[in-house]
> 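I have a structure here, written as structure tokens, and I will follow up with some questions on it.
Only this structure's heavy atoms are used, side chains among them; waters, hydrogens and symmetry mates stay out. Quick caveat: nothing in here was measured; it's all calculated off a predicted structure.
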Amino acid sequence: VDDTGVVTGLKTGKAIITIETEDGKKTDTATVNVVPKTIPVTEISGTALNYGANTKDFNFRLNVGQPNPDKSRVITYVIKPSNATNRNVIIENSDPSSVQTTMYSGNRLQITAIKPTTETVEIVVSSESNKDVKSTIKVNVVDDTVHVNDVFFQEIFLHHREAVFESVCHLAFRHRS
């Protein structure tokens, strides 16, 4: 307590302050709880393999019919400042039936395509302590798989000058569109 009556916390915990009049005839006490200073999250950004530099927002095209890395992406997030009091994030997914999100180790988000959709799926990663700080991921989920309906063999006979026959097999695919 300073000369003007301002109380300043020096460390976390409880303090009992006693107030006494100048003549000493009256006293009173007050209990003060000193809590740690809250340091808010000011930025969420991330990096992804083959995506370039650290960024706040992402646009991905994921392909359901392909193996990784085309079917899923992993984004490693950086939360600033590093000493923020609450570093937890909230994941909001506009279409969990088309895109699955999984958090690993607190700062790695895996996005996996489940089924194709004509709409862009939006995933928002926001700070639990400061909802205005966020990173947005826009995902287009497609299926570029070529589906084979049937395979057939066609035998062709070639006539050679010496009357020798050769058999050549041609493999043909028909795909559905």
> Mind checking the CG-CD1 spacing from N88 to I79? Nearest 0.5 Å is all I need.
8.0 Å

> State whether the side chain of N93 and the backbone N or O of V99 hold a donor-acceptor pair below 3.5 Å, judged by distance alone.
yes

> I'd like to know if the side chain of S135 reaches the main chain of I44, judged simply by a donor and an acceptor atom lying under 3.5 Å from each other, with no hydrogens or angles considered.
no

> Hey, mind stepping through T76 and N107 against side-chain contact (heavy atoms from CB on, under 4.5 Å) and telling me if it holds?
CA-CA 6 Å; T76 302; N107 71 333; 3.8 Å; yes

> Decide yes or no for T136 and E122: does some side-chain heavy atom of the first lie under 4.5 Å from some side-chain heavy atom of the second?
yes

> Within this structure, what is the CD1-CZ distance for the pair I75 and F60, rounded to the nearest 0.5 Å?
4.0 Å

> Just how far is it from atom CD of E119 to atom CG of N140, taken to the nearest 0.5 Å?
10.0 Å

> Run the side-chain contact (heavy atoms from CB on, under 4.5 Å) test on Y77 and V125 for me, step by step, so that the C-alpha distance in whole Å, both residues' side-chain angles and the decisive distance to 0.1 Å come before the verdict.
CA-CA 9 Å; Y77 278 98; V125 179; 3.5 Å; yes

> Check whether any side-chain heavy atom of T101 lies under 4.5 Å from a side-chain heavy atom of I137, and answer yes or no.
no

> Can T112 and Q110 be counted as having a side-chain donor-acceptor contact under 3.5 angstrom?
yes

> Test side-chain contact (heavy atoms from CB on, under 4.5 Å) on T27 and I19 and set out the steps.
CA-CA 5 Å; T27 61; I19 303 168; over 6 Å; no

> Enter the distance from K71:NZ to I114:CD1 here, rounded to the nearest 0.5 Å.
9.0 Å

> Step by step, would you call D95 with S98 a side chain to side chain donor-acceptor pair (under 3.5 Å)?
CA-CA 6 Å; D95 187 357; S98 293; 2.8 Å; yes

> Just verifying a value: how many Å separate I111 CD1 and L62 CG, rounded to the nearest 0.5 Å?
7.0 Å

